[in-house]
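For reference, the structure is listed below as structure tokens.
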Amino acid sequence: MTTASAEAVTARHHREIGGPRGLPFLGVAMQLLDDPFTLIEKATIEYGGIVRLRIPGQRAFLLSDPDLVKFAFVETERAITKPPPLIHRVDLALGKGLVTSTGDLWRRNRRIVNPVFTRERLAALEPLIHQTAQATIDRWRDLTVLDVREEMGRALLELVIHGLFSASAEVLEQFDAVARSLLTLFKFVARQFVSAIPYDLYLPTPLRVRSEIRRRHIDRVIGEMVARRRESGEDHDDILGLLMSATDPETGASLTLPEIADEVRTMFLAGYETTASALVFAFHMLSRHPLVRRRLEAELDEVLGGRLPGIEDLPNLPYTLQVFHETMRLYPPAWLIGREPVEDVELGGYLIPKGSLLFVSPWATHRSPRNWDAPLSFDPDRFAPEKRGTYHRFAYIPFGGGSRKCVGTNLAMLEGPLLLAALAQHYRLDAIPGEQLVIRGGLTLDIESGTRVSVTPRRPQIEGPTAA
Ligand code: HEM
């Protein structure tokens, strides 16, 4: 048995772990579907860092204690794995890419993909981020109202498509169609992840039929691009190029076309909605916290003076980074992360049998008063450089941790703050009276409505897109 305690203790039975009772037979299953956020937040406050979640047919536990979270992450790919039933639901749309694979297949693919996301390599994306920021700034110039979710989605999709395919002309021509296909796939994956009975997996529902058509469409685009690149013999320094040229150090084998397509689809899904949602919430929080917004604007004006921010500016924009981190603390895009022990483990003094479902929840962890003072207040100063070390490393886990930590962390921490800085410098976004942000639990935080905002140019005296 693997244990999270430094000292051996006599582990208690998992049934002794406290948790909300919910309804007879159904337990908390309906609440988990309807309003998971309130459920897990309240349960964490009431029952502590490990909570028993009564779900029919499941032995499920919610973790928010940083030491237990650390254990779950660090043991992943050893005593703990990604839960096969949940992964199976996502497989249908994504195939066996990095997010859904485990064991040797995952290890090989992670070795191949890791080098794509080093800071040095990502620096090459700066012009692309500038281009996207500038296009967004220009597009907003004539608007008084916009949908910030749509706008961030568009910007991030552009970035991820360019980053994967080097702004290839063929993909740009097909951009709208590829984007539509991806959105159908996202919807499919999100529905599988949260539905009590994943009937789309077994029945030819309209959504399933549509997503299969869309998946084939994306695979055709990827297949044609791979074929064209192979024929041209050109070397591209993008993710597709890396995947195509990668070989397994142990066997020397290259990735097959279906394997490449699985990874590309995975990158689309994992890399687009997450960063877009962090930005939507950042603007949402700024509109509700005028003092924070003014301080952010003062920093942007002082450091950038109207020009677009670059990578070398980031060390001089500490408050911008703090705002981005504090947003992800309150609204972690990946709000729930699933794990399953492959052997009995001891967690927090309890024996957790293999095959249980462990929910590591960034949402609950980030909002627990045991981990943070006044956890519900929006206070970017928590992440001030001098505060480093005052909170447990695993009390802040927007990108997960351990061997399966987000491979795109560096990219997200580049494009997110740079877009925030570029846009917040030129515009103020404010909630429209009556618009209420409604979120649902999908694979990532799913913002359902309430994202229409009014847009006000901040520096009307600035003429032209980049003039200071
Ligand atoms: C704010 C933005 C992002 C957040 C909050 C986020 C969050 C996460 C989290 C929490 C995990 C770990 C899931 C687990 O342990 O089961 C993860 C994994 C992953 N992320 Fe991200 N992510 C973001 C952006 C990105 C970007 C930009 C990319 C790539 C383009 C990306 C690609 C991936 C991949 C491929 C994995 C699977 C890694 C593995 O299992 O080896 N993510 N992400």
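For ligands, and for the atoms within them, numbers begin at 1 and follow the listed sequence. Just so we're clear, the structure is a prediction, and the values are computed from it rather than from any experiment.
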Within 45° of the ring axis of Trp372 and under 6.0 Å from its six-membered ring centre, is that where the NZ or CZ of Arg367 lies? no
Counting only heavy atoms, tell me which of Pro398, Pro83, Ala270 gets closest to atom 10 (C) of ligand 1. Pro398
From the candidates Gly271, Ala72, Ala278, the one that places a heavy atom nearest atom 26 (C) of ligand 1: Gly271
If we only count N/O pairs under 3.5 Å, is Lys82 in contact with ligand 1? yes
Sub-4.0 Å heavy-atom approach of Pro333 to ligand 1: yes
For ligand 1, which atoms, with element, lie under 4.0 Å from some heavy atom of Phe117? 29 (C), 30 (C)
Under 3.5 Å: N/O of Trp106 near N/O of ligand 1: yes
Look at ligand 1 and say whether Tyr272 reaches it with a heavy atom at a distance under 4.0 Å. no
Tell me whether Thr275 has any N or O atom under 3.5 angstrom from an N or O of ligand 1. no
Below 4.0 angstrom from a heavy atom of Ile337, which ligand 1 atoms are there? Numbered from 1 as shown, please. 10 (C), 14 (C), 15 (O), 16 (O)
Within the distance-only criterion (no hydrogens, no angle test), does the side chain of His392 pair as donor or acceptor with the backbone N or O of Asn371 below 3.5 angstrom? no
closest protein heavy atom to atom 24 (C) of ligand 1 is Thr274 OG1, 3.4 Å
Under 3.5 Å, is there a donor-acceptor pair between the His289 and Arg293 side chains? no
So, Gln31 versus Asp35: side-chain donor-acceptor pair below 3.5 Å or not? no
Find all atoms of ligand 1 within a distance of less than 4.0 Å from any non-hydrogen atom belonging to Ala412, and give their numbers and elements. 1 (C), 2 (C), 24 (C)
Decide whether an N or O pair under 3.5 Å exists between Arg339 and ligand 1. yes
For the residue pair Tyr331 and Trp363, does the interplanar ring angle fall in the parallel (under 30°), tilted (30 to 60°) or perpendicular (over 60°) class? perpendicular
Pairwise distance CD(Glu151) to OG1(Thr451) - rounded to 0.5 angstrom: 10.5 Å
Could you give me the CA-CA distance, side-chain angles and deciding distance for His284 and Arg288, then say whether side chain to side chain donor-acceptor pair (under 3.5 Å) is met? CA-CA 7 Å; His284 175 72; Arg288 276 159 180 74; 3.2 Å; yes
Looking at Met328, which atoms of ligand 1 are within less than 4.0 Å of one of its heavy atoms? 1 (C)
Verify the neighbour count for atom CD of Gln436: are there more than 12 heavy atoms of other residues, nucleotides or ligands below 6.0 Å? no
shortest atom 35 (C) of ligand 1-to-protein heavy-atom contact is with Val407 CG1, 3.5 Å
Quick test: of every protein heavy atom, which one is nearest to atom 36 (C) of ligand 1, and how far off is it to 0.1 Å? Val99 CG2, 3.7 Å
Can you classify the ring geometry of Phe394 versus Phe73 as parallel (below 30°), tilted (30 to 60°) or perpendicular (above 60°)? tilted
Any idea which protein heavy atom is nearest atom 19 (C) of ligand 1, and the distance to it? Cys406 CA, 3.7 Å
Of Leu358, Leu347, Ile352, which is the lone residue that meets side chain to side chain contact (heavy atoms under 4.5 Å, CB included) with Leu68? Leu347
Ring geometry between Tyr391 and Tyr396 (parallel below 30°, tilted from 30 to 60°, perpendicular above 60°): perpendicular
Would you say Met413 contacts ligand 1, with heavy atoms under 4.0 Å as the rule? no
What residue and heavy atom of the protein are closest to atom 6 (C) of ligand 1, and at what distance? Phe399 CD2, 3.7 Å
Can you confirm, on distance only, whether ligand 1 has an N/O atom lying under 3.5 Å from any N/O atom belonging to Arg110? yes
How long is the straight-line distance from CD1 of Ile260 back to CZ of Arg265, given to the nearest 0.5 Å? 12.0 Å
Suppose we measure from atom 40 (O) of ligand 1 to each protein heavy atom; which comes out shortest, and what is that distance? Arg404 NE, 2.8 Å
